[in-house]
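Remarks on the structure that follows.
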Amino acid sequence: MVKAQVYIYSNPFDGFPKPGDLTIIEEDLRPLLDGEYLAEAHYLSVDPYMRGYAPGFKVGTPLIGGQVALIRESKNPNFPEGKYCFGQFGWRSYTIANGVYDRSTAVNMQYVLPDFKGLSPSLGLGVLGMPGNTAYFGVEEICRPKVGDTVVITGAAGAVGSHVGQIAKLKGCNVIGITGSDDKGKWLCNELKFDSFINYKTQDFKKTLKQIAQDGVDCYFDNVGGEISSIIINQMNSFGKIAVCGSISAYNEKQAKASVIQGPVTLQQLRMEGFLVTRWNNRWGEGINKNLQWVQEGKIKYRETITDGFENMFQAFTDMLKGVNYGKSIVRVKSLIK
Ligand SMILES: NC(=O)c1ccc[n+]([C@@H]2O[C@H](COP(=O)([O-])OP(=O)(O)OC[C@H]3O[C@@H](n4cnc5c(N)ncnc54)[C@H](OP(=O)(O)O)[C@@H]3O)[C@@H](O)[C@H]2O)c1
């Protein structure tokens with residue numbers, strides 16, 4: 001009999017998540033029924049949305065999340081044994097799944113990974129998965145920057161942000177990344193070819209942005225919300241565009257505050273649009289294929305911050321919320337350590 005380990009949301013997050021808010025339990029898994037398959041988690045994702053959505057979680061339920069899993073056993077021909085799949089299975093070591101997935105909501109999203117041409121299947125959680133598609137569709141469908149535009153990205157050294165900036169560079173834009181450390185900023189400029197960066201933790205943000213973006217900001221890809229976003233929006237050019245992807249600066253706050261932005265939005269006639277990547281569920285493969293092509297051509301670089309051990313998922317999660325990660329934060333199960 002297979003035993004699964006599962007993280008349970010046992011104590012509601014109050015501010016920053018604390019050890020003890022989650023508990024690991026063991027489940028005995030029953031034999032497979034027709035149409036089902038057994039997925040063994042190899043790489044698990046930790047993402048900001050797991051904190052952002054927490055007010056809606058029920059105490060006593062498993063933590064939500066995506067993973068790349070090896071199909072160990074199968075009674076479903078669409079999910080053959082020995083293949084890797086992506087599954088929105090939660091923080092679990094083993095899962096019995098049935099391949100049924102509602103494309104309109106993305107609940108229970110699951111698919112066999114396409115051929116990654118020899119690249120690690122873990123990329124199915126990052127550059128060749130949900131964050132990669134967020135960057136691809138966010139830039140192509142929401143920002144739509146033009147050659148020469150100045151594009152500002154917050155959360156710039158993370159999974160989504162680092163990818164967005166590189167796509168904007170491919171489109172001939174002047175790209176400014178906002179991040180919380182000089183070392184991350186140097187990585188963005190030296191390796192990913194961003195034009196400049198601002199460390200929002202140490203620099204006079206308003207003044208430095210004015211100096212760097214002398215001709216104003218045309219597009220803003222907003223991953224963080226809060227006061228930093230208000231300052232950027234106040235420095236935007238007429239008919240500028242704002243893609244609202246997330247607001248991580250507020251996820252752990254009980255009462256987040258930021259200056260009013262309706263002034264510049266009206267005066268500069270800005271277009272601000274929020275989006276969920278699941279809007280493009282029916283074009284999911286297009287995003288993965290385009291990102292894979294760019295990676296193979298050396299046009300998009302990626303980085304993974306890997307934590308080893310399923311039992312260290314909470315640590316990986318809080319490290320990501322604190323900004324320890326460069327690129328995509330993932331957890332690798334111990335059996336894969338060489
Ligand atoms: N709309 C969608 O469909 C969608 C899909 C995926 C992700 N998202 C959103 O996109 C954003 C980025 O997600 P991701 O997966 O790529 O995460 P990520 O950027 O890889 O990791 C989170 C990063 O946020 C930064 N951060 C933490 N606290 C902050 C604060 N108070 N102010 C500013 N930055 C802070 C940290 O970097 P620093 O060291 O630079 O502070 C940290 O590394 C999140 O808001 C997420 O919710 C939205």
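Whatever order the structure lists ligands and atoms in, that order sets their numbers, starting from 1. Please read these numbers as outputs of a predicted model, since none were measured by experiment.
Looking at S230 and S259, their side chains never bring a donor and an acceptor atom within 3.5 Å of each other. Side-chain N/O atoms of T307 and N312 include no donor and acceptor closer than 3.5 Å. Inspection of the Y326 and E191 side chains reveals no N or O donor paired with an N or O acceptor under 3.5 Å. Residues W294 and Y136 bring no donor and acceptor atom of their side chains to less than 3.5 Å of each other. Side chain to side chain, S162 and K328 fail the donor-acceptor criterion of an N or O pair below 3.5 Å. A donor atom on one side chain and an acceptor atom on the other are found under 3.5 Å apart for Y220 and T154. A donor and an acceptor atom, one from each side chain of D319 and Q315, are located under 3.5 Å apart.
Annotation: atom 37 (O) of ligand 1 to nearest protein heavy atom, K184 NZ, 3.4 Å. Among all non-hydrogen protein atoms, the one lying nearest atom 21 (O) of ligand 1 is N325 ND2, 3.4 Å. Protein heavy atom at the shortest distance from atom 6 (C) of ligand 1 is M130 SD, 3.5 Å. The protein heavy atom nearest to atom 19 (O) of ligand 1 is G158 CA, 3.2 Å. What sits closest to atom 11 (C) of ligand 1 on the protein, heavy atoms only, is N223 OD1, 3.4 Å. Closest to atom 24 (O) of ligand 1 among all protein heavy atoms lies I248 CD1, 3.5 Å. Of the protein's non-hydrogen atoms, the one nearest atom 8 (N) of ligand 1 is C245 SG, 3.6 Å. Of the protein's heavy atoms, S249 CA, 3.4 Å lies nearest to atom 31 (N) of ligand 1.
With respect to E27, the side chain to side chain donor-acceptor pair (under 3.5 Å) criterion is satisfied by exactly one of R92, K3, Q5: R92. With respect to S10, the side chain to side chain donor-acceptor pair (under 3.5 Å) criterion is satisfied by exactly one of T61, D21, T23: T23.
Every atom of ligand 1 with a heavy atom of G327 under 4.0 Å away is listed here by number and element: 20 (O). Close contacts between ligand 1 and L276 involve ligand atoms 1 (N), 3 (O) [criterion: under 4.0 Å to a heavy atom]. Within ligand 1, the atoms closer than 4.0 Å to a non-hydrogen atom of M320 are 21 (O), 22 (C), 42 (C), 43 (O), numbered from 1 in the order shown.
On a distance-only criterion, G180 and ligand 1 share at least one N/O pair closer than 3.5 Å. Residue contacts with ligand 1: Y200 is placed with a nitrogen or oxygen under 3.5 Å of a nitrogen or oxygen of the ligand (distance criterion only). For the pair K201 and ligand 1, the shortest N or O to N or O distance does not fall below 3.5 Å. Geometrically, ligand 1 and A159 share a nitrogen or oxygen pair separated by less than 3.5 Å. When only interatomic distances are considered, the shortest N/O to N/O separation between P48 and ligand 1 does not fall below 3.5 Å. Checked by distance only, ligand 1 and Y49 stay at 3.5 Å or farther apart across all their nitrogen or oxygen atoms. Ligand 1 has a nitrogen or oxygen under 3.5 angstrom from a nitrogen or oxygen of V160. Taking distance alone, with nitrogen or oxygen atoms compared against 3.5 Å, T179 approaches ligand 1 more closely than that limit. In terms of N/O distances under 3.5 Å, ligand 1 is not approached by V224.
Listed for the Q235 side chain is a donor-acceptor partner under 3.5 Å among the backbone atoms of K206.
Heavy atoms of L321 found under 4.0 angstrom from ligand 1 belong exclusively to the backbone. Contacts between K322 and ligand 1 below 4.0 angstrom, taking non-hydrogen atoms only, are absent altogether. The proximity of A156 to ligand 1, defined as any non-hydrogen pair under 4.0 Å, does not occur for either the backbone or the side chain. At a 4.0 Å heavy-atom cut-off, ligand 1 touches V277 through backbone and side chain alike.
Within a 6.0 Å radius of OH in Y53, other residues, nucleotides and ligands contribute 12 heavy atoms or fewer.
Heavy atoms of S247 come nearer than 4.0 angstrom to ligand 1 in at least one pair. Heavy-atom distances between K328 and ligand 1 stay at or above 4.0 Å for every pair. Ligand 1 has no atom lying under 4.0 Å from any heavy atom of P131.
No continuous path of hydrophobic side-chain contacts links M50 to F89 [ILVMFWY only; heavy atoms under 4.5 Å].
In this structure, F137 and W280 have parallel ring planes: the angle between them is below the 30° cut-off, well short of the 60° mark. Ring geometry for F317 against F13 counts as tilted: the plane angle lies between 30° and 60°, on a 0 to 90° scale.
The shortest non-hydrogen separation linking M236 to D218 is CE-O, 3.7 Å.
A cation-pi arrangement, defined by a distance under 6.0 Å to the six-membered ring centre and an angle within 45 degrees of its axis, is absent between R51 and Y251.
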